[in-house]
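Report on the following structure.
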Amino acid sequence: MTEAEFIAALRALPLHPGADGLTDDTASLAGLTITTDTIVESVHFLSDDSPEDVAWKLVAVNLSDLAAKGAVPQAVLLNHPCGDDEWDRAFLKGFGEALTAYGCALLGGDTVSLPVRALRVLSLTAIGSDAGAVARSGAKVGDGLWVTGTIGDAGAGLKIARGIDGPADLLAAYRRPTPLVAEGRALAPLVHAMMDVSDGLLIDAQRMALASALAVSIDVAEIPLSASYRAYVGEDRWARIEAATAGDDYQLLFAAPADFASPVPVTRVGSFAEGSGLTLTDNGRSIDLPSRLGFQH
């Protein structure tokens, strides 16, 4: 089963009202916003990534989901496979650094034994305050599609982590993403829908449109690229589509009026309209969708 098929099957089970039909990355319970994420060796991180970086990424990807709801991180639950003393101690060092950096505390969790030569599977549940969390399903006809920061740095960083020479800041974008908690808090009361860009700008925009029962169009010429990405990969159509399908950006993607005055730096990359599906343009000219919109399990 694909990830989408599995989630669709889960919807046939008894669901808590706070699950919101499993249409989002978070749930609500007793005034709290809750999310959980798992990262798997050789899927979400490389076997030779440092344990400190793996721990940081595990915390960051969970807190990014809270940031996309406008929630303030409060506590986390860690599920950890123990099996290598040196690796585990280094992991705990990075884990503590991440919790301290984002003012979040450990609430509890679970440990299991890791069989010899088994790949690591690490899970974290993050809990945040619920201040009227914004869903991904509220986009309106005529809204613009907006994104914070730049897109594609982490995807380029992954190639560097795999052994291709490249700039350190792109490598850092892959290994140590930044959850935009403050930006999420600033945007949440003002926008109609919001989520983070985890699997790729194109596929995540498509998910927002689907949840909102609307069509979305993206102009790839407007996709914001960093100076490092432009110098390393380029800025033509191919480079922009490469950036928009790579994932691991953890920028905030949101729907808001076309004339939205944002309290944080953002770029308008598209718009919502009646209908369904995702379409692409390049400087206003229609182009074909790539065969792959982003990462899918």
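In what follows, every heavy atom counts, from backbone to side chain, and hydrogens, waters and symmetry copies are set aside.
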Would you please name every residue forming a side-chain hydrogen bond (donor to acceptor under 3.5 Å, both in side chains) with Thr148, sequence neighbours left out? Gln251
So does Asp24 pair up with Lys69, basic N to acidic O under 4.0 Å? yes
Gap between atom CG of Leu124 and atom CG of Leu63 - 0.5 Å precision: 7.5 Å
Restricting to side-chain hydrogen bond (donor to acceptor under 3.5 Å, both in side chains), what partner residues turn up for Ser123, sequence neighbours left out? Thr38
Using every non-hydrogen atom in the two residues, find where Ala239 and Tyr229 come nearest and quote the distance to one decimal. O-OH, 2.7 Å
Lys/Arg N to Asp/Glu carboxylate O, Asp25 vs Arg136, below 4.0 Å: yes
For the CD atom of Glu222 and the CD1 atom of Ile151, what is their distance to the nearest 0.5 Å? 13.5 Å
Is the number of heavy atoms from other residues, nucleotides or ligands within 6.0 Å of CD (Glu5) greater than 12? yes
Enumerate the salt bridge (Lys or Arg N to Asp or Glu O under 4.0 Å) contacts for residues 268-287, please, sequence neighbours excluded, ordered by first and then second residue. Arg237-Asp282
So for atom CG, which belongs to Asp110, do other residues, nucleotides or ligands contribute more than 12 heavy atoms lying within a distance under 6.0 Å? yes
Describe, in one word, how the ring planes of His80 and Phe91 are oriented to each other, choosing from parallel (under 30°), tilted (30 to 60°) and perpendicular (over 60°). tilted
Identify the two heavy atoms, one from Arg185 and one from Pro189, that lie closest to each other, and give their separation to 0.1 Å. O-CD, 3.3 Å
Drop me the distance from Leu280's CG to Ile287's CD1, to the nearest 0.5 angstrom. 5.0 Å
Considering non-hydrogen atoms only, spot the tightest contact between Ala243 and Leu225 and give its length. CB-CD2, 3.8 Å
Enclosure of Asp165 CG (heavy-atom neighbours >12, cutoff 6.0 Å): no
When every non-hydrogen atom of Cys104 is compared with those of Ala75, the smallest separation belongs to SG-N, 3.6 Å
Heavy-atom side-chain proximity of Val269 to Pro224 below 4.5 angstrom: yes
